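One structure is given below, encoded as C-alpha coordinates.
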Protein chains: 2
Amino acid sequence: MSRRQAYFDLLGDLEQATGKETESLFGRIQEFFGVRHQSYMNISLAAGRQKALDMLHTFPEDLVQHYTDNDLHLVDPIAQAALTGITPVDWQAYINNKNAQKLFATASSFGVSTTGMTIPLLCRGNQAAHFAIDVGVAVSEWPQYRREHIGEIQILATYLHAARQEMAQDLPEADLTAREAEVLKWTAAGKSYWEISMILGISERTVRFFMTNARKKLGVVTNSQAVAQAVLRGMIPL
Amino acid sequence: MSRRQAYFDLLGDLEQATGKETESLFGRIQEFFGVRHQSYMNISLAAGRQKALDMLHTFPEDLVQHYTDNDLHLVDPIAQAALTGITPVDWQAYINNKNAQKLFATASSFGVSTTGMTIPLLCRGNQAAHFAIDVGVAVSEWPQYRREHIGEIQILATYLHAARQEMAQDLPEADLTAREAEVLKWTAAGKSYWEISMILGISERTVRFFMTNARKKLGVVTNSQAVAQAVLRGMIPL
DNA sequence: TGTGGTACTGTCACTACCGACAGTATTTAC
DNA sequence: GTAAATACTGTCGGTAGTGACAGTACCACA
(Lines give C-alpha, C1' and ligand atoms only; values in the text may rest on other atoms or scores of the structure.)
Protein backbone atom coordinates (compact mmCIF):
# COMPACT_ATOMS: atom_id res chain seq x y z
CA MET A 1 0.00 0.00 0.00
CA SER A 2 1.35 3.39 -0.99
CA ARG A 3 1.95 6.04 1.58
CA ARG A 4 -0.73 8.20 -0.04
CA GLN A 5 -3.20 5.36 0.04
CA ALA A 6 -2.45 4.70 3.70
CA TYR A 7 -3.05 8.37 4.44
CA PHE A 8 -6.46 8.43 2.77
CA ASP A 9 -7.43 5.16 4.43
CA LEU A 10 -6.52 6.57 7.80
CA LEU A 11 -8.38 9.79 7.08
CA GLY A 12 -11.48 7.88 6.01
CA ASP A 13 -11.39 5.69 9.11
CA LEU A 14 -10.98 8.75 11.32
CA GLU A 15 -13.97 10.35 9.65
CA GLN A 16 -16.12 7.34 10.54
CA ALA A 17 -14.71 6.58 13.95
CA THR A 18 -16.28 7.29 17.28
CA GLY A 19 -15.30 6.81 20.89
CA LYS A 20 -12.97 4.00 21.76
CA GLU A 21 -12.22 3.07 18.16
CA THR A 22 -10.05 6.15 18.09
CA GLU A 23 -7.47 4.48 20.32
CA SER A 24 -6.31 2.09 17.63
CA LEU A 25 -6.45 4.91 15.10
CA PHE A 26 -4.20 6.91 17.38
CA GLY A 27 -1.70 4.08 17.07
CA ARG A 28 -2.07 4.05 13.31
CA ILE A 29 -1.34 7.78 13.14
CA GLN A 30 1.90 7.19 14.99
CA GLU A 31 2.81 4.29 12.70
CA PHE A 32 1.98 6.36 9.66
CA PHE A 33 4.34 9.18 10.58
CA GLY A 34 6.83 6.86 12.22
CA VAL A 35 7.44 9.38 14.97
CA ARG A 36 8.88 8.71 18.41
CA HIS A 37 5.97 9.94 20.49
CA GLN A 38 2.72 11.76 20.12
CA SER A 39 -0.05 13.05 22.34
CA TYR A 40 -3.58 14.31 22.08
CA MET A 41 -5.07 16.33 24.86
CA ASN A 42 -8.38 17.98 25.55
CA ILE A 43 -8.58 20.44 28.41
CA SER A 44 -11.45 22.12 30.19
CA LEU A 45 -10.95 25.78 30.92
CA ALA A 46 -14.19 26.03 32.87
CA ALA A 47 -14.08 27.64 36.28
CA GLY A 48 -10.76 29.27 35.50
CA ARG A 49 -8.59 26.18 35.94
CA GLN A 50 -7.09 23.85 33.40
CA LYS A 51 -8.47 20.37 33.89
CA ALA A 52 -7.60 17.48 31.59
CA LEU A 53 -10.75 15.98 30.09
CA ASP A 54 -9.22 13.53 27.68
CA MET A 55 -5.74 12.36 26.89
CA LEU A 56 -4.08 9.90 24.56
CA HIS A 57 -0.33 9.65 24.34
CA THR A 58 2.66 7.45 23.63
CA PHE A 59 5.18 9.40 25.68
CA PRO A 60 7.03 7.56 28.46
CA GLU A 61 4.72 7.11 31.46
CA ASP A 62 7.32 8.34 33.91
CA LEU A 63 7.81 11.56 31.99
CA VAL A 64 4.08 12.22 31.81
CA GLN A 65 3.79 11.45 35.51
CA HIS A 66 6.56 13.87 36.30
CA TYR A 67 4.95 16.46 34.04
CA THR A 68 1.49 16.23 35.53
CA ASP A 69 2.62 15.83 39.15
CA ASN A 70 4.53 19.10 38.95
CA ASP A 71 1.91 20.96 36.89
CA LEU A 72 4.61 21.65 34.34
CA HIS A 73 1.98 22.61 31.79
CA LEU A 74 1.77 25.92 33.63
CA VAL A 75 5.49 26.51 33.07
CA ASP A 76 5.76 24.94 29.63
CA PRO A 77 5.87 27.84 27.14
CA ILE A 78 5.05 25.49 24.27
CA ALA A 79 1.91 24.19 25.96
CA GLN A 80 0.85 27.73 26.79
CA ALA A 81 1.49 28.90 23.23
CA ALA A 82 -0.63 26.02 21.94
CA LEU A 83 -3.42 26.89 24.36
CA THR A 84 -3.49 30.57 23.51
CA GLY A 85 -2.33 30.65 19.92
CA ILE A 86 -3.83 29.57 16.66
CA THR A 87 -0.98 28.28 14.54
CA PRO A 88 1.12 25.16 15.06
CA VAL A 89 3.92 25.62 17.57
CA ASP A 90 7.36 24.50 16.45
CA TRP A 91 9.37 23.18 19.40
CA GLN A 92 12.55 24.40 17.76
CA ALA A 93 11.29 27.98 18.07
CA TYR A 94 11.69 27.58 21.85
CA ILE A 95 15.18 26.13 21.81
CA ASN A 96 16.56 29.30 23.42
CA ASN A 97 13.75 29.73 25.91
CA LYS A 98 14.89 29.21 29.53
CA ASN A 99 11.79 27.35 30.71
CA ALA A 100 11.67 25.25 27.58
CA GLN A 101 15.35 24.29 27.94
CA LYS A 102 14.71 22.83 31.38
CA LEU A 103 11.81 20.82 30.04
CA PHE A 104 13.80 19.72 26.99
CA ALA A 105 16.58 18.55 29.28
CA THR A 106 14.23 16.44 31.37
CA ALA A 107 12.41 15.12 28.32
CA SER A 108 15.68 14.29 26.64
CA SER A 109 16.55 11.86 29.44
CA PHE A 110 13.35 10.02 28.55
CA GLY A 111 14.22 9.88 24.88
CA VAL A 112 12.16 12.82 23.75
CA SER A 113 13.73 15.02 21.10
CA THR A 114 13.46 18.74 20.37
CA THR A 115 12.21 18.30 16.83
CA GLY A 116 8.49 18.22 17.19
CA MET A 117 5.46 20.41 17.14
CA THR A 118 2.24 21.04 18.96
CA ILE A 119 -0.88 21.82 16.99
CA PRO A 120 -3.70 23.74 18.65
CA LEU A 121 -7.09 22.27 17.84
CA LEU A 122 -10.45 23.97 17.44
CA CYS A 123 -12.82 23.56 20.37
CA ARG A 124 -16.26 24.88 21.14
CA GLY A 125 -17.17 26.14 24.56
CA ASN A 126 -14.68 26.42 27.39
CA GLN A 127 -12.31 23.82 26.07
CA ALA A 128 -8.94 23.73 24.41
CA ALA A 129 -7.11 20.86 22.77
CA HIS A 130 -3.83 20.14 21.11
CA PHE A 131 -1.99 17.39 19.29
CA ALA A 132 1.75 17.06 19.72
CA ILE A 133 4.30 14.94 17.90
CA ASP A 134 7.89 14.28 18.79
CA VAL A 135 9.40 13.46 15.43
CA GLY A 136 12.98 12.96 16.46
CA VAL A 137 14.75 13.70 13.19
CA ALA A 138 18.03 15.63 13.01
CA VAL A 139 17.68 19.34 13.62
CA SER A 140 19.01 20.01 10.12
CA GLU A 141 16.30 17.90 8.54
CA TRP A 142 13.52 19.24 10.71
CA PRO A 143 12.44 22.33 8.73
CA GLN A 144 11.92 20.24 5.64
CA TYR A 145 10.09 17.47 7.52
CA ARG A 146 7.89 20.06 9.11
CA ARG A 147 6.95 21.71 5.83
CA GLU A 148 6.34 18.43 4.09
CA HIS A 149 4.14 16.91 6.73
CA ILE A 150 2.45 19.71 8.61
CA GLY A 151 -0.60 19.61 6.34
CA GLU A 152 -1.15 15.89 6.79
CA ILE A 153 -0.56 16.14 10.51
CA GLN A 154 -2.96 19.00 11.01
CA ILE A 155 -5.70 17.29 9.04
CA LEU A 156 -5.29 13.96 10.81
CA ALA A 157 -5.21 15.74 14.17
CA THR A 158 -8.39 17.62 13.30
CA TYR A 159 -10.25 14.44 12.44
CA LEU A 160 -8.88 12.56 15.44
CA HIS A 161 -10.05 15.49 17.55
CA ALA A 162 -13.53 15.37 16.03
CA ALA A 163 -13.81 11.63 16.56
CA ARG A 164 -12.54 12.00 20.09
CA GLN A 165 -15.02 14.71 21.07
CA GLU A 166 -17.43 12.44 22.86
CA MET A 167 -14.67 11.29 25.22
CA ALA A 168 -14.22 14.85 26.43
CA GLN A 169 -17.66 15.56 27.79
CA ASP A 170 -17.31 17.95 30.65
CA LEU A 171 -20.83 16.98 31.60
CA PRO A 172 -23.05 14.10 30.54
CA GLU A 173 -24.88 14.60 27.24
CA ALA A 174 -28.52 15.48 27.41
CA ASP A 175 -29.73 14.62 23.97
CA LEU A 176 -32.04 17.32 22.83
CA THR A 177 -33.89 17.01 19.57
CA ALA A 178 -32.99 19.36 16.74
CA ARG A 179 -36.02 21.51 17.48
CA GLU A 180 -35.33 21.67 21.20
CA ALA A 181 -31.75 22.77 20.56
CA GLU A 182 -32.92 25.32 18.04
CA VAL A 183 -35.45 26.88 20.37
CA LEU A 184 -32.89 26.90 23.16
CA LYS A 185 -30.43 28.66 20.87
CA TRP A 186 -32.87 31.46 20.15
CA THR A 187 -33.71 31.79 23.82
CA ALA A 188 -30.01 32.18 24.55
CA ALA A 189 -30.01 34.87 21.86
CA GLY A 190 -32.60 36.82 23.85
CA LYS A 191 -35.67 36.03 21.75
CA SER A 192 -39.07 35.64 23.37
CA TYR A 193 -41.34 32.68 22.68
CA TRP A 194 -43.40 34.81 20.34
CA GLU A 195 -40.33 35.99 18.42
CA ILE A 196 -39.04 32.44 18.11
CA SER A 197 -42.42 31.29 16.84
CA MET A 198 -42.15 33.92 14.09
CA ILE A 199 -38.57 32.94 13.28
CA LEU A 200 -39.36 29.24 13.04
CA GLY A 201 -42.82 29.68 11.57
CA ILE A 202 -44.58 27.65 14.25
CA SER A 203 -47.00 28.56 17.01
CA GLU A 204 -45.89 30.12 20.24
CA ARG A 205 -47.39 27.16 22.06
CA THR A 206 -45.07 24.82 20.19
CA VAL A 207 -42.04 26.88 21.10
CA ARG A 208 -43.10 26.53 24.73
CA PHE A 209 -43.52 22.83 24.23
CA PHE A 210 -39.95 22.43 22.96
CA MET A 211 -38.53 24.57 25.73
CA THR A 212 -40.42 22.58 28.34
CA ASN A 213 -38.98 19.37 26.93
CA ALA A 214 -35.50 20.90 26.85
CA ARG A 215 -35.79 21.97 30.49
CA LYS A 216 -36.93 18.50 31.52
CA LYS A 217 -34.11 16.80 29.63
CA LEU A 218 -31.55 19.16 31.12
CA GLY A 219 -33.05 18.70 34.57
CA VAL A 220 -33.54 22.39 35.21
CA VAL A 221 -36.44 24.62 36.15
CA THR A 222 -35.94 27.93 34.35
CA ASN A 223 -35.00 28.93 30.82
CA SER A 224 -32.00 30.85 32.13
CA GLN A 225 -30.73 27.74 33.87
CA ALA A 226 -31.29 25.70 30.72
CA VAL A 227 -29.28 28.20 28.72
CA ALA A 228 -26.48 28.13 31.29
CA GLN A 229 -26.30 24.33 31.08
CA ALA A 230 -26.52 24.26 27.31
CA VAL A 231 -23.75 26.80 26.89
CA LEU A 232 -21.59 25.00 29.44
CA ARG A 233 -22.04 21.72 27.63
CA GLY A 234 -21.34 23.34 24.30
CA MET A 235 -24.75 22.41 22.97
CA ILE A 236 -25.57 25.89 21.78
CA PRO A 237 -24.56 26.75 18.27
CA LEU A 238 -24.27 30.43 19.15
CA MET B 1 8.39 28.30 -10.04
CA SER B 2 7.06 24.90 -9.04
CA ARG B 3 3.71 24.57 -7.40
CA ARG B 4 5.38 23.24 -4.30
CA GLN B 5 7.74 26.18 -4.20
CA ALA B 6 4.85 28.61 -4.62
CA TYR B 7 3.06 26.95 -1.74
CA PHE B 8 5.99 27.26 0.64
CA ASP B 9 6.60 30.86 -0.44
CA LEU B 10 3.00 31.69 0.28
CA LEU B 11 3.11 29.92 3.60
CA GLY B 12 6.28 31.77 4.58
CA ASP B 13 4.81 35.12 3.63
CA LEU B 14 1.64 34.37 5.56
CA GLU B 15 3.72 33.51 8.61
CA GLN B 16 5.40 36.93 8.48
CA ALA B 17 2.41 38.99 7.44
CA THR B 18 0.33 41.27 9.62
CA GLY B 19 -2.68 43.48 9.09
CA LYS B 20 -3.32 44.90 5.70
CA GLU B 21 -0.56 42.92 3.98
CA THR B 22 -2.88 39.97 4.24
CA GLU B 23 -5.16 41.39 1.57
CA SER B 24 -2.69 40.78 -1.22
CA LEU B 25 -1.87 37.38 0.26
CA PHE B 26 -5.57 36.58 0.15
CA GLY B 27 -5.41 37.21 -3.56
CA ARG B 28 -2.34 34.98 -3.88
CA ILE B 29 -4.14 32.15 -2.11
CA GLN B 30 -6.91 32.35 -4.66
CA GLU B 31 -4.41 32.42 -7.54
CA PHE B 32 -2.56 29.48 -6.06
CA PHE B 33 -5.61 27.25 -5.94
CA GLY B 34 -7.14 28.77 -9.06
CA VAL B 35 -10.59 28.59 -7.53
CA ARG B 36 -13.64 30.59 -8.54
CA HIS B 37 -14.27 32.33 -5.24
CA GLN B 38 -13.12 32.29 -1.66
CA SER B 39 -13.97 34.00 1.59
CA TYR B 40 -12.53 34.50 5.02
CA MET B 41 -14.78 35.54 7.84
CA ASN B 42 -14.35 36.29 11.50
CA ILE B 43 -17.49 36.55 13.55
CA SER B 44 -18.23 37.81 17.03
CA LEU B 45 -20.64 35.73 19.06
CA ALA B 46 -20.89 38.36 21.78
CA ALA B 47 -24.28 39.53 22.98
CA GLY B 48 -25.97 36.53 21.43
CA ARG B 49 -25.87 37.75 17.87
CA GLN B 50 -23.51 36.86 15.09
CA LYS B 51 -21.74 40.03 14.08
CA ALA B 52 -19.10 40.08 11.36
CA LEU B 53 -15.81 41.43 12.71
CA ASP B 54 -13.68 40.88 9.67
CA MET B 55 -14.30 39.69 6.16
CA LEU B 56 -12.31 39.14 3.01
CA HIS B 57 -13.92 37.61 -0.04
CA THR B 58 -13.95 37.34 -3.80
CA PHE B 59 -17.58 36.31 -4.17
CA PRO B 60 -19.87 38.50 -6.33
CA GLU B 61 -20.81 41.64 -4.39
CA ASP B 62 -24.48 41.31 -5.25
CA LEU B 63 -24.61 37.79 -3.88
CA VAL B 64 -22.90 38.80 -0.65
CA GLN B 65 -25.23 41.77 -0.36
CA HIS B 66 -28.23 39.52 -0.80
CA TYR B 67 -26.81 37.07 1.70
CA THR B 68 -26.12 39.63 4.42
CA ASP B 69 -29.27 41.69 3.84
CA ASN B 70 -31.41 38.63 4.44
CA ASP B 71 -29.35 37.21 7.31
CA LEU B 72 -29.02 34.03 5.31
CA HIS B 73 -26.15 32.89 7.50
CA LEU B 74 -28.79 32.01 10.08
CA VAL B 75 -30.50 29.70 7.61
CA ASP B 76 -27.41 28.42 5.83
CA PRO B 77 -26.76 24.91 7.17
CA ILE B 78 -23.20 24.96 5.87
CA ALA B 79 -22.37 28.19 7.68
CA GLN B 80 -23.96 26.83 10.84
CA ALA B 81 -22.05 23.55 10.55
CA ALA B 82 -18.82 25.49 10.14
CA LEU B 83 -19.62 27.61 13.17
CA THR B 84 -20.47 24.68 15.42
CA GLY B 85 -18.33 21.87 14.06
CA ILE B 86 -14.61 21.35 14.05
CA THR B 87 -13.97 19.53 10.79
CA PRO B 88 -14.10 20.98 7.28
CA VAL B 89 -17.60 21.12 5.83
CA ASP B 90 -17.98 19.70 2.33
CA TRP B 91 -20.69 21.61 0.42
CA GLN B 92 -21.54 18.44 -1.48
CA ALA B 93 -22.65 16.85 1.78
CA TYR B 94 -25.55 19.32 1.80
CA ILE B 95 -26.64 18.77 -1.76
CA ASN B 96 -29.90 17.17 -0.58
CA ASN B 97 -30.58 19.65 2.20
CA LYS B 98 -33.65 21.78 1.56
CA ASN B 99 -32.23 25.05 2.92
CA ALA B 100 -28.92 24.47 1.21
CA GLN B 101 -30.62 23.78 -2.13
CA LYS B 102 -32.31 27.18 -2.05
CA LEU B 103 -28.99 28.85 -1.34
CA PHE B 104 -27.21 26.81 -4.01
CA ALA B 105 -29.85 27.86 -6.52
CA THR B 106 -29.37 31.54 -5.75
CA ALA B 107 -25.60 31.23 -5.66
CA SER B 108 -25.60 29.34 -8.92
CA SER B 109 -27.15 32.32 -10.70
CA PHE B 110 -24.10 34.29 -9.56
CA GLY B 111 -21.69 31.70 -10.89
CA VAL B 112 -21.03 29.93 -7.60
CA SER B 113 -20.72 26.15 -7.81
CA THR B 114 -21.60 23.39 -5.36
CA THR B 115 -18.11 21.97 -5.22
CA GLY B 116 -16.49 23.80 -2.39
CA MET B 117 -15.86 23.60 1.28
CA THR B 118 -15.91 25.70 4.39
CA ILE B 119 -13.18 25.24 6.96
CA PRO B 120 -13.84 26.21 10.58
CA LEU B 121 -10.92 28.07 12.12
CA LEU B 122 -9.67 28.13 15.67
CA CYS B 123 -10.59 31.21 17.68
CA ARG B 124 -10.04 32.27 21.25
CA GLY B 125 -12.78 33.90 23.24
CA ASN B 126 -16.27 34.13 21.88
CA GLN B 127 -15.35 34.37 18.27
CA ALA B 128 -15.68 32.04 15.34
CA ALA B 129 -14.10 32.12 11.94
CA HIS B 130 -14.14 30.17 8.73
CA PHE B 131 -12.51 30.05 5.35
CA ALA B 132 -14.56 28.97 2.37
CA ILE B 133 -13.57 28.13 -1.17
CA ASP B 134 -15.75 27.63 -4.18
CA VAL B 135 -13.61 25.40 -6.35
CA GLY B 136 -15.99 24.88 -9.24
CA VAL B 137 -14.70 21.58 -10.59
CA ALA B 138 -16.98 18.83 -11.90
CA VAL B 139 -18.83 16.95 -9.17
CA SER B 140 -17.12 13.74 -10.29
CA GLU B 141 -13.68 15.25 -9.80
CA TRP B 142 -14.51 16.92 -6.53
CA PRO B 143 -13.77 14.11 -4.05
CA GLN B 144 -10.28 13.72 -5.44
CA TYR B 145 -9.64 17.47 -5.51
CA ARG B 146 -10.85 17.72 -1.96
CA ARG B 147 -8.59 14.96 -0.72
CA GLU B 148 -5.59 16.25 -2.58
CA HIS B 149 -5.84 19.84 -1.46
CA ILE B 150 -7.63 19.92 1.86
CA GLY B 151 -4.34 19.81 3.78
CA GLU B 152 -2.84 22.76 1.91
CA ILE B 153 -6.06 24.70 2.18
CA GLN B 154 -6.42 24.15 5.89
CA ILE B 155 -2.85 25.17 6.59
CA LEU B 156 -3.02 28.28 4.44
CA ALA B 157 -6.35 29.22 6.01
CA THR B 158 -4.90 28.77 9.49
CA TYR B 159 -1.97 31.07 8.77
CA LEU B 160 -4.15 33.62 7.01
CA HIS B 161 -6.41 33.55 10.05
CA ALA B 162 -3.49 34.09 12.42
CA ALA B 163 -2.17 37.00 10.34
CA ARG B 164 -5.64 38.46 10.15
CA GLN B 165 -6.33 38.33 13.89
CA GLU B 166 -5.59 41.96 14.62
CA MET B 167 -8.28 43.04 12.18
CA ALA B 168 -10.92 41.36 14.34
CA GLN B 169 -11.10 43.40 17.51
CA ASP B 170 -13.96 42.36 19.69
CA LEU B 171 -15.70 42.78 22.98
CA PRO B 172 -15.89 45.93 24.93
CA GLU B 173 -15.20 44.32 28.30
CA ALA B 174 -18.30 44.18 30.40
CA ASP B 175 -17.08 44.40 33.94
CA LEU B 176 -19.84 43.45 36.26
CA THR B 177 -19.70 44.40 39.91
CA ALA B 178 -19.41 41.62 42.48
CA ARG B 179 -23.12 41.85 43.26
CA GLU B 180 -24.14 41.79 39.62
CA ALA B 181 -22.03 38.69 38.98
CA GLU B 182 -23.41 37.04 42.09
CA VAL B 183 -27.02 37.62 41.13
CA LEU B 184 -26.28 36.46 37.60
CA LYS B 185 -24.72 33.29 38.98
CA TRP B 186 -27.84 32.42 40.97
CA THR B 187 -30.02 33.18 37.99
CA ALA B 188 -27.90 30.76 35.96
CA ALA B 189 -28.50 28.26 38.76
CA GLY B 190 -32.26 28.54 38.20
CA LYS B 191 -33.18 30.73 41.15
CA SER B 192 -35.98 33.28 40.93
CA TYR B 193 -35.55 36.89 42.03
CA TRP B 194 -37.39 36.13 45.26
CA GLU B 195 -35.19 33.11 46.01
CA ILE B 196 -32.04 35.10 45.32
CA SER B 197 -33.26 37.85 47.61
CA MET B 198 -33.59 35.25 50.38
CA ILE B 199 -30.16 33.79 49.61
CA LEU B 200 -28.43 37.17 49.64
CA GLY B 201 -30.61 38.66 52.36
CA ILE B 202 -31.64 41.67 50.29
CA SER B 203 -34.93 42.77 48.83
CA GLU B 204 -36.31 41.29 45.66
CA ARG B 205 -36.29 44.79 44.17
CA THR B 206 -32.53 45.00 44.67
CA VAL B 207 -31.97 41.68 42.96
CA ARG B 208 -33.91 43.07 40.02
CA PHE B 209 -31.78 46.19 40.14
CA PHE B 210 -28.55 44.21 39.86
CA MET B 211 -29.89 42.03 37.08
CA THR B 212 -31.03 45.08 35.14
CA ASN B 213 -27.55 46.57 35.46
CA ALA B 214 -25.98 43.29 34.39
CA ARG B 215 -28.23 43.10 31.33
CA LYS B 216 -27.36 46.65 30.35
CA LYS B 217 -23.62 46.07 30.77
CA LEU B 218 -23.78 42.89 28.73
CA GLY B 219 -25.88 44.61 26.08
CA VAL B 220 -28.68 42.06 26.20
CA VAL B 221 -32.42 42.14 26.79
CA THR B 222 -33.32 38.97 28.69
CA ASN B 223 -31.89 37.16 31.68
CA SER B 224 -31.45 34.01 29.59
CA GLN B 225 -29.36 35.94 27.11
CA ALA B 226 -27.32 37.49 29.91
CA VAL B 227 -26.64 34.03 31.34
CA ALA B 228 -25.59 32.75 27.91
CA GLN B 229 -23.10 35.58 27.56
CA ALA B 230 -21.78 35.32 31.08
CA VAL B 231 -21.18 31.59 30.76
CA LEU B 232 -19.67 32.02 27.32
CA ARG B 233 -17.27 34.66 28.59
CA GLY B 234 -16.40 32.61 31.65
CA MET B 235 -17.71 35.26 33.99
CA ILE B 236 -19.72 32.83 36.04
CA PRO B 237 -17.94 31.14 38.93
CA LEU B 238 -19.52 27.73 38.42
C1' DT C 1 -17.56 70.10 47.58
C1' DG C 2 -19.15 67.98 44.17
C1' DT C 3 -19.28 64.00 40.86
C1' DG C 4 -19.66 59.32 39.83
C1' DG C 5 -19.91 54.63 41.06
C1' DT C 6 -21.81 51.04 44.06
C1' DA C 7 -25.38 49.12 47.11
C1' DC C 8 -29.72 49.26 48.13
C1' DT C 9 -35.37 50.01 48.13
C1' DG C 10 -40.40 51.25 46.49
C1' DT C 11 -44.56 51.00 43.24
C1' DC C 12 -47.18 50.44 38.82
C1' DA C 13 -48.25 48.24 34.63
C1' DC C 14 -47.23 45.17 31.29
C1' DT C 15 -45.30 41.15 29.18
C1' DA C 16 -43.15 36.73 29.34
C1' DC C 17 -42.84 32.51 31.28
C1' DC C 18 -44.41 28.03 33.02
C1' DG C 19 -47.20 24.13 34.78
C1' DA C 20 -51.10 21.27 33.98
C1' DC C 21 -54.94 19.92 31.59
C1' DA C 22 -55.73 18.70 26.95
C1' DG C 23 -55.11 17.01 21.90
C1' DT C 24 -53.44 15.29 16.43
C1' DA C 25 -50.13 13.77 12.74
C1' DT C 26 -46.02 11.64 11.27
C1' DT C 27 -42.01 8.90 11.55
C1' DT C 28 -38.94 5.24 13.50
C1' DA C 29 -38.04 0.81 15.59
C1' DC C 30 -39.11 -3.84 17.25
C1' DG D 1 -48.81 -3.54 13.78
C1' DT D 2 -48.25 -1.23 17.66
C1' DA D 3 -45.30 1.28 20.70
C1' DA D 4 -42.29 5.12 21.21
C1' DA D 5 -40.38 9.24 19.76
C1' DT D 6 -40.89 13.46 17.37
C1' DA D 7 -43.31 17.61 15.71
C1' DC D 8 -46.88 20.18 16.42
C1' DT D 9 -51.32 23.02 18.66
C1' DG D 10 -54.96 24.85 22.23
C1' DT D 11 -56.53 27.11 26.81
C1' DC D 12 -56.39 28.51 31.74
C1' DG D 13 -54.33 30.55 35.62
C1' DG D 14 -50.60 31.72 38.31
C1' DT D 15 -45.89 33.39 38.89
C1' DA D 16 -41.69 35.56 37.20
C1' DG D 17 -39.41 39.03 34.58
C1' DT D 18 -39.00 43.72 32.75
C1' DG D 19 -39.20 48.84 32.02
C1' DA D 20 -40.04 53.27 33.77
C1' DC D 21 -40.98 56.33 37.28
C1' DA D 22 -39.03 57.12 41.58
C1' DG D 23 -35.77 57.44 45.89
C1' DT D 24 -31.54 57.09 50.07
C1' DA D 25 -26.85 55.99 51.82
C1' DC D 26 -22.01 55.24 51.45
C1' DC D 27 -17.42 55.72 49.50
C1' DA D 28 -13.58 57.16 46.47
C1' DC D 29 -11.48 60.62 43.85
C1' DA D 30 -10.57 65.22 42.05
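All chains are named by letter (A, B, ...) in the order of the sequence lines, taking the proteins before the strands, and each is independently numbered beginning at 1. All values reported here derive from a predicted model rather than from experimental measurement. Excluded from the calculations below are hydrogen atoms, water molecules and symmetry mates; all remaining heavy atoms, backbone and side chain alike, are included.
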Q | Under 4.0 angstrom between A:N213 side-chain N/O and D:dT6 OP1 or OP2 | A | no
Q) What class does the angle between the rings of A:Y40 and A:H161 fall in, given that below 30° is parallel, 30 to 60° is tilted and above 60° is perpendicular? A) tilted
**Q.** Nearest-angstrom distance from the residue atom NZ of A:K216 to C1' of D:dT6
**A.** 14 Å
Q) B:T222 versus A:S192: any side-chain heavy-atom pair under 4.5 Å? A) no
(Q) Can you measure B:R208 atom CZ to C:dT15 atom P for me and round it to whole angstrom units? (A) 16 Å
Q. More than 12 heavy atoms of other residues, nucleotides or ligands under 6.0 Å from CD of B:Q144: is that the case?
A. no
Q: Considering just the side-chain nitrogens and oxygens of A:Y193, establish if one lies under 4.0 Å of OP1 or OP2 belonging to C:dC18.
A: yes
Q) Between A:R215 and C:dC18, is there a side-chain N or O to OP1/OP2 distance below 4.0 Å? A) yes
(Q) To the nearest 10°, give me the bend of the helix from C:dT1-D:dA30 to C:dC30-D:dG1, comparing the axes of its five terminal pairs at either end. (A) 60°
Q | ring-ring contact (aromatic ring centres under 6.0 Å, His included) contacts in which one or both residues fall within residues 3-23 of chain A, not counting sequence neighbours | A | A:Y7-A:F32
Q.
Just the rounded figure in Å: distance from C1' of C:dT15 to CG of A:N223.
A. 14 Å
Q.
Any residue in residues 194-205 of chain A with a heavy atom nearer than 4.0 angstrom to DNA chain D? Just list them by number, or reply none.
A. A:I202, A:S203, A:R205
Q. Mind checking whether B:Y145 and B:H149 have parallel, tilted or perpendicular rings, split at 30° and 60°?
A. tilted
Q: To the nearest 0.5 angstrom, please state how far the CD1 atom of B:I153 sits from the CZ atom of B:F33.
A: 4.5 Å
(Q) Measuring to OP1 and OP2 of C:dC17, would you say a side-chain N or O of A:T222 lies under 4.0 angstrom away? (A) no
Q: Classify the angle between the aromatic ring planes of B:F104 and B:W91 as parallel (below 30°), tilted (30 to 60°) or perpendicular (above 60°).
A: tilted
Q) Under 4.0 Å between a side-chain N/O of B:T177 and OP1 or OP2 of C:dA7, yes or no? A) yes
Q) For the pair made of CZ in A:R179 and C1' in D:dT6, what is the distance, rounded to whole Å? A) 11 Å
**Q.** Residue met sooner reading DNA chain C from 5', once A:K191 and B:T206 are mapped to nucleotides
**A.** B:T206
